[in-house]
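Data block below; observations after.
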Amino acid sequence: MFTTGLLVLTAPLNQLSHRIAPILHYAAGKVDKILYVHLQPNYVSETESNFLRMTPTTDLCAAVTRLHTGAANLCSRLDIRILLGNVGKPTEPLVYPRTLQNKVEFILTDCVNQNNDNFKKFVEGNYILKPFPKMEFLKESHWKTSSNDNLSGMDWSLPKSEELQTYGHIVLGGTFDHVHAGHKILLSESIMRSERKITIGVTSGPMLESKTLCELIQPVETRIADVRNYIQDVKPHILFDDSVVPITDPFGPSIVVPDMGGIVVSEETRKGGDAVNKRRKEKGLSQLDVHVIDIIEDTCHASHEETKISSSSQRIRLLGTLLRPPRQDHQSTSPYVIGLTGGIASGKTSVCKRLEKLGAAIINCDKLGHKAYEPGMKAYEQVVTEFGQDVVGDDGLINRKALGAKVFADKSRLEVLNQIVWPEIARMAKEQIQQLTSKGHDVCILDAAVLLEAGWQDFVNEIWVCVIPKDEALRRITDRDSIPEEKARQRIEAQISNQARVDQANVVLSTLWEPEVTQKQVESAWELLQERLSETSPPRPKQPKI
């Protein structure tokens with residue numbers, strides 16, 4: 001298996017529908033990370049030129065869109081990059097041969113005129129590949145006899161070939177989180193329409209707050225770097241230092257740069273293109289031609305995911321998976337301790353019950369917190385000494401309502417209380433972990449709302465976080481506790497943010513959707529955990545259920 005490959009397609013564009021599915025399927029069995037695709041329709045190895053310029057046309061643009069769509073359905077794990085460095089009008093200064101961002105280890109082609117030397121010269125006329133990779137020529141029988149001769153009934157009809165409208169400077173915008181086929185289609189059309197420069201606004205800041213699972217959106221620096229890397233591979237000469245920039249409003253550079261000629265938008269952001277032109281008119285700038293690309297259907301979406309290929313669905317699919325590796329210094333401990341945390345009303349209790357049914361032992365830190373206030377406990381004496389005898393009720397127990405009145409209006413006093421109670425909870429939790437060890441439990445869940453605030457992450461192997469949007473948390477709290485929305489909001493804002501939790505999480509879960517969706521997440525997270533444990537530890541006995 002190769003990490004990076006180059007697929008050179010030479011079939012006429014209208015014949016790709018009959019061969020692309022088996023070819024992509026075959027390529028996915030050879031390459032496991034990045035597959036570059038070079039389109040050279042009607043190429044024959046006897047050609048005298050080693051670099052063949054292609055004029056940007058409507059049918060080429062449509063073929064690129066269909067290729068990305070088909071690849072998303074056939075081999076979604078591969079990073080497909082359709083190279084467009086050979087596409088440009090005669091006046092456009094194309095760069096060749098050029099270096100790609102990743103080392104190509106394998107070349108696959110459907111070129112049936114198998115003159116190895118001529119084909120090698122052709123590839124070298126386009127790309128600098130040292131050492132020259134292994135080549136494989138596919139035989140016609142590979143796609144003629146394959147049962148995989150179409151892409152799930154996808155419409156491969158191409159429009160009449162007409163020259164594509166291009167511009168010296170093109171602009172577009174988007175989130176570009178976990179770059180997927182929809183982004184690549186948007187970028188590819190923009191790249192083909194750009195002769196000299198491309199400008200891309202990458203959304204950041206408040207523009208992200210309303211998005212599904214916004215806490216899992218990649219940092220804007222990462223998204224900018226990914227977009228730059230993609231363009232550097234696909235068509236490098238239109239990329240400049242200021243080509244990809246963060247934006248905190250819907251307009252960014254599109255309403256201040258005079259020489260832009262066109263803007264590319266999706267169906268759902270068409271109104272954004274019109275808004276840009278309205279603002280440009282107000283500023284006395286020329287109007288932009290607005291080009292709209294279709295929304296791409298996601299044929300593999302679940303019921304709670306979007307029907308289009310989207311970053312939201314990509315983030316949903318991250319739930320239950322390992323986002324960052326566990327701490328190396330804790331991996332060999334037994335039992336393996338998962339610190340489960342999350343904001344108020346995030347569904348931790350539901351997740352705990354599901355994990356318990358799967359075999360995990362549960363340590364409830366909220367119950368330990370109540371125990372810490374009991375007479376005879378170290379924390380009891382310290383609380384009475386620090387806050388006065390008036391916090392003790394007639395029954396001899398600490399009156400938590402009276403104690404709360406003293407601390408919740410004064411953060412400094414609350415901090416004093418926390419420093420008394422949290423260490424006592426940690427001590428009791430560690431005792432319970434040791435007891436579980438003696439009983440043969442392999443995995444225990446430390447259910448702790450204040451896991452991170454209290455610093456308890458230092459004695460867990462992994463941090464699992466439950467998240468829900470703030471609006472959903474408000475609804476749940478007001479329904480459950482019958483309190484005004486403003487009071488519920490104060491409770492939420494008194495906690496650390498979801499983002500602060502997710503930034504330290506190994507695994508993220510969400511109870512936002514139906515119970516069966518949560519169950520699938522938890523089961524997936526548990527199965528992946530068992531795989532990790534089997535890789536890092538000797539064989540363990542079957543997890544006892546408690």
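Note: hydrogens, waters and symmetry copies are ignored here, and every other heavy atom, side chains too, is used. Since we're looking at a predicted model, the values are computed, not measured.
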Hey, does the Lys NZ or Arg CZ of Lys120 hover above the aromatic six-ring of Phe132, less than 6.0 Å from the centre and inside 45° of the axis? yes

Any donor-acceptor pair under 3.5 Å linking the side chain of Thr109 with the backbone of Val8? yes

Say whether His169 and Ser194, considering side chains only, have a donor N or O and an acceptor N or O under 3.5 Å apart. no

I'd like to know if the side chain of Ser310 and the backbone of Glu306 have a donor-acceptor N/O pair within less than 3.5 Å. no

Quick one: are Tyr127 and Thr99 in side-chain contact, heavy atoms under 4.5 Å? no

With a 6.0 Å cut-off (strictly less than), is the heavy-atom count around CG of Asp241, excluding the residue itself, greater than 12? no

Walk me through it: do Val104 and Phe2 pass the test side-chain contact (heavy atoms from CB on, under 4.5 Å)? CA-CA 9 Å; Val104 174; Phe2 301 98; over 6 Å; no

Regarding Glu462 and Arg532, does a basic nitrogen lie under 4.0 Å from an acidic carboxylate oxygen? yes

Side-chain heavy atoms of Ile338 within contact of Tyr336, under 4.5 Å: yes

So CG of Leu355 and CD of Glu523: to nearest 0.5 Å the spacing works out to 10.5 Å

Mind checking the CD-CG spacing from Glu163 to Leu60? Nearest 0.5 Å is all I need. 12.0 Å

Would you confirm whether Ser190, through its side chain, and Leu186, through its main-chain N or O, come within 3.5 Å as a donor-acceptor pair? yes

Got a salt bridge between Glu140 and Arg19, using NZ or NE/NH1/NH2 to carboxylate O under 4.0 Å? no

Measuring from His68:NE2 to Glu189:CD, what's the distance to the nearest 0.5 Å? 11.5 Å

Does the pair Glu514 and Gln519 meet the rule for a side-chain contact (heavy atoms from CB on, under 4.5 Å), with working shown? CA-CA 9 Å; Glu514 294 79 5; Gln519 182 65 26; over 6 Å; no

Would a 4.5 Å heavy-atom cut-off, applied to side chains only, mark Arg98 and Leu83 as touching? yes

Run the numbers on Trp513 and Leu319 for side-chain contact (heavy atoms from CB on, under 4.5 Å), then give the verdict. CA-CA 12 Å; Trp513 300 278; Leu319 296 173; 3.7 Å; yes

Considering all heavy atoms, the nearest Cys75-Ile80 contact: SG-CD1, 4.4 Å

Per the side-chain contact (heavy atoms from CB on, under 4.5 Å) rule, which among Val465, Val467, Val508 passes with Arg501? Val465

Can you tell if the side chain of Pro253 reaches within under 4.5 Å of the side chain of Ile247, non-hydrogen atoms only? yes

Find out whether the Lys NZ or Arg CZ of Lys197 is both under 6.0 angstrom from the six-membered ring centre of Phe240 and within 45° of the ring's axis. yes

Backbone of Ile295 reached by a side-chain donor or acceptor of Ser266 within 3.5 Å: no

dist Gln15:CD -> Leu158:CG (nearest 0.5 Å) comes out at 11.5 Å

Ile468 to Leu512 - nearest heavy-atom pair and separation: CG2-N, 4.2 Å

Distance-only polar pair, side chains of Thr518 and Thr511, donor-acceptor under 3.5 Å: no

Residues Arg81, Asp79: salt bridge by 4.0 Å N-O rule: yes

Answer yes when Arg193 and Asp289 have at least one side-chain N-carboxylate O distance shorter than 4.0 Å, and no when they do not. no

Test item: Asn506 side-chain N/O and Trp464 main-chain N/O as donor-acceptor pair under 3.5 Å: no

How are the rings of Phe122 and His38 set relative to one another: parallel (under 30°), tilted (30 to 60°) or perpendicular (over 60°)? perpendicular

Is it the case that the side chain of Tyr230 and the backbone of Leu187 share a donor-acceptor pair, with hydrogens and angles ignored and the cut-off at 3.5 Å? no

Of all heavy-atom pairs between Phe251 and Ser254, which one has the smallest distance, and what is that distance? O-OG, 2.7 Å

Under 3.5 Å donor-acceptor, Ser311 side chain and Asp177 backbone: yes

Between the side chain of Asp110 and the main-chain N/O of Thr10, is any donor-acceptor distance below 3.5 Å? yes

Determine, for Lys160 against Asp59, whether the closest basic-nitrogen to carboxylate-oxygen distance falls under 4.0 angstrom. no

Salt bridge (charged side-chain N to carboxylate O under 4.0 Å, His left out) pairs, two or more places apart, involving residues 272-281: Arg279-Glu282

Just by modelled atom types, is the His180 backbone N or O under 3.5 Å from a matching donor or acceptor in the His183 side chain? yes

Salt bridge or not for Asp233 and Arg228, using N-O below 4.0 Å? no

What residues, two or more places apart in sequence or in another chain, satisfy side-chain contact (heavy atoms from CB on, under 4.5 Å) together with Thr3? Asp32, Lys33, Glu105

Is there a side-chain contact between Ile107 and Glu136, using heavy atoms and a 4.5 Å cut-off? no

Would you indicate whether the side-chain heavy atoms of Leu67 and Leu39 approach each other to under 4.5 Å? yes

What verdict does the side-chain contact (heavy atoms from CB on, under 4.5 Å) test give for Leu318 and Thr321, after you've listed the backbone C-alpha separation in whole Å, the side-chain angles of each residue and the deciding distance to 0.1 Å? CA-CA 5 Å; Leu318 290 175; Thr321 67; 4.1 Å; yes

Compare all side-chain heavy atoms of Glu92 with those of Arg53 and state whether any distance is below 4.5 angstrom. yes

Would you call Trp526 and Gln521 a side-chain contact if the rule is heavy atoms closer than 4.5 Å? no

Would you indicate whether Lys103, at its atom NZ, is surrounded by more than 12 heavy atoms from other residues, nucleotides or ligands within a distance under 6.0 Å? no

Give me the atom names and distance for the closest heavy-atom approach of Thr248 to Ser204. CG2-OG, 3.7 Å

Please state whether the rings of Phe119 and Tyr43 are parallel, tilted or perpendicular, taking 30° and 60° as the class boundaries. perpendicular

Taking all atoms of both residues into account, what is the closest heavy-atom pair of Gly85 and Leu94, and its distance? O-CD1, 3.6 Å

Nearest heavy-atom contact between Thr55 and Val87 is C-CG1, 4.4 Å

Under the 3.5 angstrom rule, does the side chain of Ser524 hit a backbone N or O of Lys520 as a donor-acceptor pair? no

Looking at OG1 of Thr69 and CG of Leu74, how far apart are the two atoms once the value is rounded to the nearest 0.5 Å? 11.0 Å

